[in-house]
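So you know, we letter chains A, B, ... as the sequences are listed, proteins then strands, and number each from 1. The structure presented is a predicted model; accordingly, all values stated were derived computationally and were not measured.
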Amino acid sequence: MKEKKDRQANHSKNHSTKKTYITTAIPYVNAAPHIGFALEIIQADVLNRYYKSKDQDTYFVTGTDENSLKNVLKAEEEGISTKELVNKYSKNFLELKEILNIDYDDFIRTTEPRHIKNVEKFWKACEKDIYKKSYKGLYCVGCEEFKLEKDLEEGKCPEHLNKALEVVEEENYFFKLSKYQKQLKELIETETLKIVPKGRKNDVLGFIDQGLEDFSISRSVERAKGWGIPVPGDPSQIIYVWFDALVNYISALGYAEESALYKDFWADSDKILHCIGKGITRFHAIYWPAMLLSAGVRLPTHELVHGYITADGQKMSKSLGNVVEPKAVVEKYGTDAVRYFLLKAIPPTKDGDFNKGYFEEVYNADLANGLGNAVARVAKMAENSGFEFEVDTKGFEKVWEADWTQDLQSHMESFRLDLAIQEVWKMLSQLDKHINEHEPWAVKDEEKLREILDFEVNLIRRAAVVLKPFIPDTSRKIQAQFFKKDIKAQKPLFPRI
RNA sequence: CGCGGGGUGGAGGAGCGGUACCUCGUCAGGCUCAUAAUCUGAAGACCCCGGUUCGAAUCCGGGCCCCGCAACCA
């Protein structure tokens, strides 16, 4: 808390620095963290660390979405209160910070009073576009949700064939999404709100062209089982979980009290980046911007949409029991190995596959034989030489102004984290080639050897510095080993498996 | 005619109008600083049928086959 106040004070003083705000989606807590969410939070973390390393002022927020009906059902299953359940399960997400080494600034839970206060203010700010309407539909008691005709099998819910559907009619609040159709289309077309990749942008535009309908933003207390944030002024209605959840992005900054943090990182921010998965693009590229337009709040600037990860080529699902959990994978292979795999082997905005064989292939090829081995061989030769290697810290302070980082940076600008990493491995490949061609072990001439080793040591130092956003712990280890005069061989960074 | 992504050497992926690239695997050779590592070289590929073009993996039309999504699911 104290730290946060310091940050606030710090931020408001420093107006010339570029401000960047980064968020992840906030997952439901009723299931264990998914490897797909690990991908998302790692992508966000890398971008955050990268911007920070360029001396930008950043703020990075993640959290959990806890007002879902699913939590009520799960709690009933476990025989505990919903409150107890969300407290218990949100810990699984909180601990990702350590497991994945995520450097976020705040973690927001939608059951926190500070969030609720923000949602209430935001709802009121949208009030001119909110109206009451009666909604009639087929309700499945088993799923606890309305079904559409086209989802039915012989007039019944495919998942609960033994239960008859009820015709339920109730009054809900609706949001005038239709009103913002034209404006949204223009904002997205002109990339005032930039959706990455292009394919996702086109999807959204196509959806808008089909015509936007107003959507329900509340449900009855009965249907919500009393769980969630009540509609201001109407305790018989609970705010629809998505309307509430999206507001987290500004409630974490203090929208309600118009804090300095909110001004810096939202109202006057240079860049607002939402990292999300493809399944929730519509909420972030259509509903959320429309809600912000209605409330008179500025819009985010970027939506970075990642794809989905399959397991052994199949969609991960609970029923198949093939869901990969980040915690288990990290326990087996280590944090940086998992970060590396997700960043390099999964294209940032496309679907990718996660399987043991592929993971271990990438691990051995890139981390053990590639980076780890290169570090080991240069360290050993440096040690054998008995030379002292001057540390030129100045040369590394302005690393992002150097020619050799330009390709990497342009890939970071287009969010191609995989290609950015590849640039580092190109350097390592040059290094291996350089060693084989110059055969330092056979060089008798001290001056010549000195020249060769200086070059090689420097390449390792460069790699270590630019790898920091991607695999921070490994970068730290290499820097500890190489940013000193007497470089000594050490244990392998990534033992072969 | 619901929407979208995709079919590239043995495997997994890039490329998306002009000598087809990367990783793993295979074969031959080199080196020994290194984690049986690393370097050099070799064999081997653009789903099918038409079309546009001087030229197509890349664009257009048709076909076959996979895989997602179809408003609340990372």
Side-chain angles (χ1 to χ4, degrees), chain A residues 24-28 31-41 65 68-70 145-146 148 150-151 177 197 199-200 202-203 206-207 210 212-213 215-217 219 240-243 245-246 275-283 286-287 305-310 313-318 323-324 326 344-347 350-353 355 357-358 360-362 364-385 416 418-419 422 425-426 428-429 431-443 452-453 456 489 491-497:
Chain A
T24 69
I26 50 172
Y28 285 157
H34 189 285
I35 192 79
F37 182 64
L39 170 75
E40 179 173 313
I41 198 169
D65 181 1
S68 160
L69 182 64
K70 291 184 181 181
E145 67 180 17
F146 284 98
L148 297 174
K150 60 176 180 173
D151 297 326
L177 182 65
R200 294 264 99 81
N202 293 338
D203 281 355
F207 185 74
Q210 286 171 37
L212 297 180
E213 286 172 33
F215 68 108
S216 164
I217 54 167
R219 55 179 59 180
Y240 170 50
V241 66
W242 266 106
F243 189 94
L246 288 163
C275 298
I276 59 171
K278 66 178 181 180
I280 54 176
T281 314
R282 279 175 197 165
F283 294 97
I286 297 174
Y287 292 26
V305 187
H306 69 252
Y308 280 173
I309 301 175
T310 51
Q314 275 190 308
K315 179 180 174 165
M316 284 187 218
S317 78
K318 278 199 206 167
V323 176
V324 177
K344 163 71 193 325
I346 310 278
K350 289 190 186 176
D351 292 351
D353 194 52
N355 67 74
Y358 186 32
E360 295 190 351
E361 179 188 313
V362 171
N364 278 333
D366 291 3
L367 294 176
N369 301 348
L371 179 62
N373 185 245
V375 166
R377 60 196 306 208
V378 175
K380 186 67 177 182
M381 289 188 293
E383 179 178 327
N384 289 350
S385 74
R416 287 300 302 266
D418 55 337
L419 298 182
Q422 221 173 67
W425 262 257
K426 279 187 195 165
L428 294 173
S429 169
L431 170 62
D432 274 326
K433 207 170 286 186
H434 187 271
I435 296 171
N436 280 42
E437 279 167 9
H438 292 82
E439 306 186 332
W441 54 88
V443 175
I452 293 166
L453 290 180
E456 291 166 357
K491 279 187 183 163
L493 285 168
F494 298 99
R496 259 189 86 92
I497 37 182

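Contacts of Asp418(A) classified as side chain to side chain donor-acceptor pair (under 3.5 Å), with partners at least two apart in sequence or in another chain: Arg416(A). Remark: Glu360(A) pairs with Tyr333(A) by the side chain to side chain donor-acceptor pair (under 3.5 Å) rule, at least two apart or across chains. When the side chain to side chain donor-acceptor pair (under 3.5 Å) test is applied to Lys70(A), no partner is found at least two apart in sequence or on another chain. Partners of Asn355(A) by side chain to side chain donor-acceptor pair (under 3.5 Å), not counting sequence neighbours, listed by chain and number: Asp353(A). Qualifying salt bridge (Lys or Arg N to Asp or Glu O under 4.0 Å) partners for Asp366(A), counting only residues two or more places apart in sequence or in other chains: Lys344(A). Residues that satisfy the side-chain contact (heavy atoms from CB on, under 4.5 Å) test with Arg282(A), not counting sequence neighbours, are Phe207(A), Ile286(A). Under the side-chain contact (heavy atoms from CB on, under 4.5 Å) criterion, Ser216(A) pairs with Asn172(A), Phe174(A), not counting sequence neighbours. Take Lys426(A) and apply the salt bridge (Lys or Arg N to Asp or Glu O under 4.0 Å) test, not counting sequence neighbours, and it matches Glu423(A).
For Tyr28(A) against A74(B), no side-chain N or O and base N or O form a donor-acceptor pair under 3.5 Å.
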Which protein N or O atoms sit under 3.5 Å from an N or O of nucleotides 28-31 of chain B?
unit_1 : atom_1 : unit_2    : atom_2 : d
G30(B) : N2     : Asn436(A) : ND2    : 3.2

Do any N or O atoms of the protein come closer than 3.5 Å to N or O atoms of nucleotides 1-8 of chain B, and which pairs are they?
none

Atom pairs, protein N/O to nucleotides 58-60 of chain B N/O, distance under 3.5 Å:
none

Could you give the side-chain donor-acceptor pairs of residues 373-381 of chain A under 3.5 Å, partners two or more places apart or in another chain?
unit_1    : atom_1 : unit_2    : atom_2 : d
Arg377(A) : NH1    : Asp432(A) : OD1    : 2.5
Arg377(A) : NH2    : Asn436(A) : OD1    : 3.0

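When each of U35(B), A71(B), G68(B) is scored by its nearest atom to the side-chain atoms of Glu213(A), the top-ranked nucleotide is A71(B).
The gap from the C1' atom of G18(B) to that of C59(B) amounts to 14 Å, rounded to the nearest Å.
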